[in-house]
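A short write-up of the structure that comes next.
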Amino acid sequence: MSETKKKKKLGLTTTIFLALLAGAVCGSLLHRFAADVPFVQNVLVNGVFYVAGQGFIRLMQMLVVPLVFCSLVCGAAAIGDTKTLGKVGVKTIGFYLVTTMLAISVALGVARLINPGRGLDMSQVQAAETAAPAASLSFADTLLNIIPKNPIGALAGGDMLPIILFALIIGVILAKLQDKVQLVTNFFQQGNDIMMEMTMMVMRLAPVGVFCLISKTFSELGVEAMKPMFKYMVCVLLALVLQCLGVYQLLLAAFTRLNPLKFIRKFAPVMGFAFSTATSNATIPLSIETLEDKMGVSRRISSFTVPLGATINMDGTSIMQGVAVVFVAQAFGIALTPADYLTVIATATLASIGTAGVPSVGLVTLAMVFDSVGLPVAGIGLIMGIDRILDMARTAVNITGDAVCTTIVAHQDGALDRAVFDK
Ligand code: ASP
C-alpha cells in the first residue's frame with residue numbers, strides 16, 4: 001500500500017472520530033440551549049441533520065444487496081477452485097464456521113450480561129423509523145424461505161438469506177465450469193471491484209453522515225446518550241478480547257498442544273498491522289509470511305486458508321454484530337426471543353461470509369442481521385460514529401482467527417514445523 005493511500009485511510013478514521021465528537025458536542029449543546037427553539041428544531045435537527053443522516057444510511061443500504069451478492073459469488077467460486085485441497089478445504093471451512101458461531105455466542109453472552117442499550121430510550125425518538133416487527137413464521141417456513149422461489153424477486157426485495165443461497169450456488173457452478181464461464185466469472189469479479197469502490201466512496205461521506213446522525217441523536221437525548229454507547233464499546237472490546245485470548249488459544253492448545261502465549265507474541269505485529277489498516281485483505285501477505293517464518297506453517301496450506309479466511313471468516317465482525325443486535329434491541333425496547341438469537345447466530349455467520357475484508361463493510365452487512373430479526377436499520381446510525389475504532393480492533397481479531405485455524409489445519413495435515421514455532 002502506498003504511503004499516501006495509508007495516510008488517506010488513517011485520515012478518514014480520524015475524521016470520522018472527530019465528527020463523532022463534534023456531533024456529540026453540537027447535539028448536547030442544542031439539547032441544552034435550543035431544545036425549545038422552533039427554528040433550530042425544524043430546520044437544523046429535523047431538516048438538515050435528519051436528511052443528511054438518513055441519506056447516508058440509505059446509501060449504506062443501497063450497497064448491501066449487490067455487495068453481498070458479488071462478494072459471495074466470488075468467495076464461493078474461490079472455494080470451488082481449490083478442489084485439489086479437498087479435505088483441507090472442508091476442514092478449514094468447518095473451523096471457520098464454528099469459530100464464527102462461537103464468536104457470536106460470546107458476543108451475545110457478554111452483551112446480555114452488560115446490557116449496553118438499557119437506559120437509552122430510542123423508542124420514543126425514532127418510533128416512526130422502526131421497522132414493522134417481522135411476521136412470526138414457523139421454523140419449517142423459515143427454513144423453506146431460504147430457498148428463493150424467484151431469485152430475481154429475492155434480489156429486488158433484498159431478502160438476504162435466499163440471495164446468499166443463490167449466490168453460493170452460482171459461485172460453486174462458476175468454479176465447476178471454469179473456462180467455459182470465464183466471462184461470467186470476470187463479470188462478477190469486476191462487479192465486486194465496482195461495489196468495493198462504491199463502498200469506499202460512500203465511506204468518504206461518513207464524517208458528514210456521522211456528524212448529522214450523532215448531532216440529531218444527542219440533540220434529542222442529551223449527553224446521557226454517551227453512556228450506553230460507551231457501554232456498547234466496552235462490550236464489543238471485551239468480547240473481542242475473550243475470543244482472541246480465550247476461545248482461540250483454547251482451540252490452539254487443545255488441537256495442537258502449541259504454546260498460546262508464544263503464538264500471540266509471534267503474531268502480535270500482524271495484529272498491529274490489521275489494527276492500523278482495518279483491512280483483512282491488506283494483511284494477507286504479512287500473515288502468510290509470519291505464519292511461515294515464525295510459526296513453521298507451510299505455504300501449501302496458508303496460501304489457501306489465509307486469503308479464504310480474509311474473505312469469509314470474520315469473527316471480530318460478527319462479535320460487533322452480535323453486540324449491536326442486543327444494544328439496538330434494548331435501545332428501541334424490542335424484546336428478542338430465543339429463536340431470534342438463533343436467527344442472529346445464523347445470519348451473522350452468513351454476514352461474516354459476505355463481509356469483504358476492507359474497512360467498514362461489517363457495518364453494511366449489519367443491516368441484514370438487523371433485518372432478519374425486525375430491528376430498525378436506523379439503529380446502525382447509533383453506533384456508526386464509534387465504529388471506526390471497533391473496526392480496527394475487530395479486524396485484528398478477524399485475521400487472528402484465520403491464523404489460528406490455519407495453524408490447526410496445518411498441524412493436522414503434517415504441514416507444521418514445530419521446531420520453527422518453538423524457536
Ligand atoms: N474491516 C474488517 C476487515 O477488514 C471488515 C469489517 O468488519 O468491516 O476484516
Side-chain angles (χ1 to χ4, degrees), residues 1 5-6 8-10 12-13 16-17 60-61 63-64 67-68 70-72 74-75 96 99-100 103-104 107 192 195-204 206 209-210 232-233 236-237 239-240 243-244 248 267 270-288 305-325 347-370 380 383-406:
M1 191 186 305
K5 248 189 181 166
K6 209 166 167 184
K8 227 185 198 171
K9 215 160 257 164
L10 290 178
L12 185 63
T13 308
I16 293 178
F17 187 62
M60 301 271 294
Q61 285 174 306
L63 300 170
V64 178
L67 180 81
V68 170
C70 291
S71 121
L72 268 181
C74 296
Y96 283 162
T99 50
T100 306
I104 307 161
N192 199 21
M195 290 318 299
M196 297 312 294
E197 188 58 35
M198 206 183 286
T199 305
M200 293 302 151
M201 285 166 76
V202 172
M203 285 320 294
R204 264 176 234 136
V210 164
Y232 163 78
M233 268 181 85
V236 176
L237 292 175
L240 288 175
Q243 177 77 6
C244 196
Y248 289 156
F267 202 66
V270 190
M271 291 162 86
F273 184 82
F275 182 82
S276 51
T277 58
T279 313
S280 292
N281 285 353
T283 319
I284 293 172
L286 185 63
S287 185
I288 292 180
T305 56
V306 172
L308 178 68
T311 313
I312 69 164
N313 185 42
M314 305 281 176
D315 299 346
T317 302
S318 49
I319 283 178
M320 175 278 285
Q321 296 183 336
V323 176
V325 163
T347 40
T349 304
L350 293 172
S352 138
I353 299 174
T355 303
V358 292
S360 303
V361 182
L363 214 52
V364 177
T365 51
L366 179 61
M368 107 187 201
V369 183
F370 276 13
I380 296 180
I383 52 175
M384 197 171 273
I386 40 170
D387 189 67
R388 291 300 283 199
I389 312 154
L390 298 178
D391 192 6
M392 295 157 85
R394 69 177 178 251
T395 306
V397 173
N398 285 345
I399 53 106
T400 307
D402 305 340
V404 168
C405 289
T406 298

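Heavy atoms only: backbone and side chains are in, while hydrogens, waters and symmetry mates are out. Note that this is a predicted model, so its numbers are computed, not measured. Numbering of ligands and ligand atoms starts at 1, following listing order.
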Tell me, which protein residue and heavy-atom name are nearest atom 5 (C) of ligand 1, and how many Å apart are they?
-> V358 O, 3.3 Å

Taking all non-hydrogen atoms of both residues into account, name the closest pair between I399 and A274 and its distance.
-> CG1-CB, 3.6 Å

Is there any N or O on N281 that sits under 3.5 Å from an N or O of ligand 1?
-> no

Nearest-neighbour protein heavy atom for atom 1 (N) of ligand 1, which is reported as residue plus atom name and distance | D391 OD1, 2.6 Å

Quick one: does R394's side chain get under 4.5 Å of I319's, heavy atoms only?
-> no

Please identify which atoms of ligand 1 are closer than 4.0 Å to at least one heavy atom of V361.
-> 8 (O)

Just how far is it from atom OH of Y232 to atom CD1 of I383, taken to the nearest 0.5 Å?
-> 3.5 Å

Ligand 1 versus M320: contacting region, heavy-atom distance under 4.0 Å = neither

Winner among A396, S280, G357, A393 once heavy atoms are compared against atom 9 (O) of ligand 1 | S280

Region of T279 engaging ligand 1 - heavy atom pairs below 4.0 Å | backbone

Nitrogen or oxygen of G362 less than 3.5 angstrom from that of ligand 1 = yes

At a 4.0 Å threshold, what atoms of ligand 1 neighbour a non-hydrogen atom of M314?
-> 9 (O)

Indicate yes or no: at least one non-hydrogen side-chain atom of V325 is less than 4.5 angstrom from one of F370.
-> yes

Donor + acceptor pair across side chains of D387, S360 (<3.5 Å) | no

Contact region, S360 to ligand 1, non-hydrogen atoms below 4.0 Å, reads backbone

Given side chain to side chain donor-acceptor pair (under 3.5 Å), test T349 with T100 step by step and report yes or no.
-> CA-CA 6 Å; T349 304; T100 306; 5.9 Å; no

Atom 2 (C) of ligand 1 [closest protein heavy-atom partner, distance rounded to 0.1 Å] = T395 OG1, 3.3 Å

Considering all heavy atoms, the nearest V369-Q321 contact | CG2-OE1, 3.7 Å

With a cut-off of 4.0 Å, which atoms of ligand 1 are near a heavy atom of T317?
-> 5 (C), 6 (C), 7 (O)

Calculate, to the nearest 0.5 Å, the distance between atoms CD1 and OG1 belonging to I288 and T305 respectively.
-> 7.5 Å

